[in-house]
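Below is one structure, written out as structure tokens, with a few remarks after it.
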Protein chains: 2
Amino acid sequence: MENNTTPQQLLIKMALMAWDTANTRFVKLANGLTDAELAAEIAPGKNTGTYLLGHLIAVSDAMLPLLDLGHPLYPQLQEPFLRNPDKTGQPMPPVTELKTYLTAVNAALAAGMQAFTPAQWLERHTAVPEAEFAAEPHRNKLNIVINRTGHLHYHLGQMALLK
Amino acid sequence: MENNTTPQQLLIKMALMAWDTANTRFVKLANGLTDAELAAEIAPGKNTGTYLLGHLIAVSDAMLPLLDLGHPLYPQLQEPFLRNPDKTGQPMPPVTELKTYLTAVNAALAAGMQAFTPAQWLERHTAVPEAEFAAEPHRNKLNIVINRTGHLHYHLGQMALLK
């Protein structure tokens, strides 16, 4: 890191490093699990690995509009993986297809995120109204990344049980 | 939040809010699980809830020296919950005792953490040598909190399976 980094740049970098660490771990875990391993439940009666894989891709995809980086790439994931729980008979894409979606969503996110200036990271995310943002400036774009990092770790701990 | 908050203060607040959210959720989950529920494995052949409870308390307790806030309160947790995996015959304190440790560790952490200035949060944590810190200023005290927030979420997702 260059010595002229400001505290603001450093703090943003730390949050983005945490996201990258969790997301890299997720991609590695997902790609290392076979279709059969993903089809299993993480614990008896709980979510399947396939559902969690689709859920995490859908949540990452939904970060694109929240960060004002465009529409979700795969809005068809929202019905089976965000609006409905597992095992409700929703049609799901094959796992091999989900894995290609994961790569594409991460590429779109990374391209958009690396272009943000420190000031842009502190702008409101698109789901918070301007009037509320004035009083709650923590509801900014970087906070989306921070919260999604936690969400990713939460389900990563569960998907790790499939190995 | 006051309008004269600096970006640095805001970014630190966001990281601390994420920690608090995860930790509050952990305390609520832990205290809501009975001894019998905690004694169960999170999934067949995996860690027990009791082990994860002790592990998370030990990791939080170990934050005290990393943040230069003093010695761990319960160093006796390190052998059974940090240095050894579950089910290796290590003696463990009763769950009711673990829960009182959790309260005490969180109180000590909160008291120390709320006294840090923004500049102190960006000081090196005690496990990184000064020479390395000059080149890697992200290895500061706040980064300990950010990383431990991810770790907490990871095991929280697993402990949630016990309900």
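Computed from heavy atoms alone, side chains included, the values below leave out hydrogens, waters and symmetry copies.
Closest heavy-atom contact between A:A160 and B:Y154: CB-OH, 3.2 Å.
Proximity to chain B involves both the backbone and the side chain of A:L156, based on heavy atoms less than 4.5 angstrom apart. Of the two parts of A:I42, the backbone and the side chain both hold a non-hydrogen atom closer than 4.5 Å to a non-hydrogen atom of chain B. For B:L142, the parts lying under 4.5 angstrom from a heavy atom of chain A are both the backbone and the side chain. Interface remark: A:L161 contributes backbone and side-chain atoms alike to the contact with chain B (heavy atom separation under 4.5 Å). Proximity to chain B is absent for every atom of A:N47, based on heavy atoms less than 4.5 angstrom apart.
Under a hydrophobic clustering in which Ile, Leu, Val, Met, Phe, Trp and Tyr are joined whenever their side-chain heavy atoms come within less than 4.5 Å, directly or via other members, B:L56 and B:L66 fall into the same cluster. In the hydrophobic clustering of this structure, A:L109 groups with A:V27; members are Ile, Leu, Val, Met, Phe, Trp, Tyr whose side-chain heavy atoms approach within less than 4.5 Å, directly or through other members. Cluster annotation: B:L122 is not connected to B:V128 through the hydrophobic network of ILVMFWY side chains, with a link wherever side-chain heavy atoms come within less than 4.5 Å. Each of B:V59 and B:F26 belongs to its own hydrophobic cluster when Ile, Leu, Val, Met, Phe, Trp and Tyr are linked at side-chain heavy-atom distances under 4.5 angstrom. By the criterion of side-chain heavy atoms lying less than 4.5 angstrom apart, applied directly or through intervening Ile, Leu, Val, Met, Phe, Trp or Tyr residues, A:M17 is not grouped with A:V145; the two fall into different hydrophobic clusters.
Between chain B and the options A:G150, A:A43, A:P7, A:P44, the largest number of non-hydrogen pairs under 4.5 Å is found for A:G150. Of the listed residues (A:I146, A:L11, A:N147), the greatest number of heavy-atom pairs within a distance under 4.5 Å of chain B belongs to A:L11. Ranked by heavy-atom pairs under 4.5 Å with chain B, the list A:H155, A:H151, A:K46, A:E41 is led by A:K46.
Close approach to chain B, defined as a heavy atom under 4.5 Å from one of its heavy atoms, is seen in no residue of residues 71-87 of chain A.
In this structure, A:H138 and B:M14 have side chains that are in contact, with non-hydrogen atoms separated by less than 4.5 Å.
Proximity of a side-chain donor or acceptor of A:Q158 to a complementary backbone N or O of B:Q158 within less than 3.5 Å is not detected.
In terms of the salt bridge (charged side-chain N to carboxylate O under 4.0 Å, His left out) criterion, residue partners of B:R139 (sequence neighbours excluded) are, by chain and number, B:E132, B:E136.
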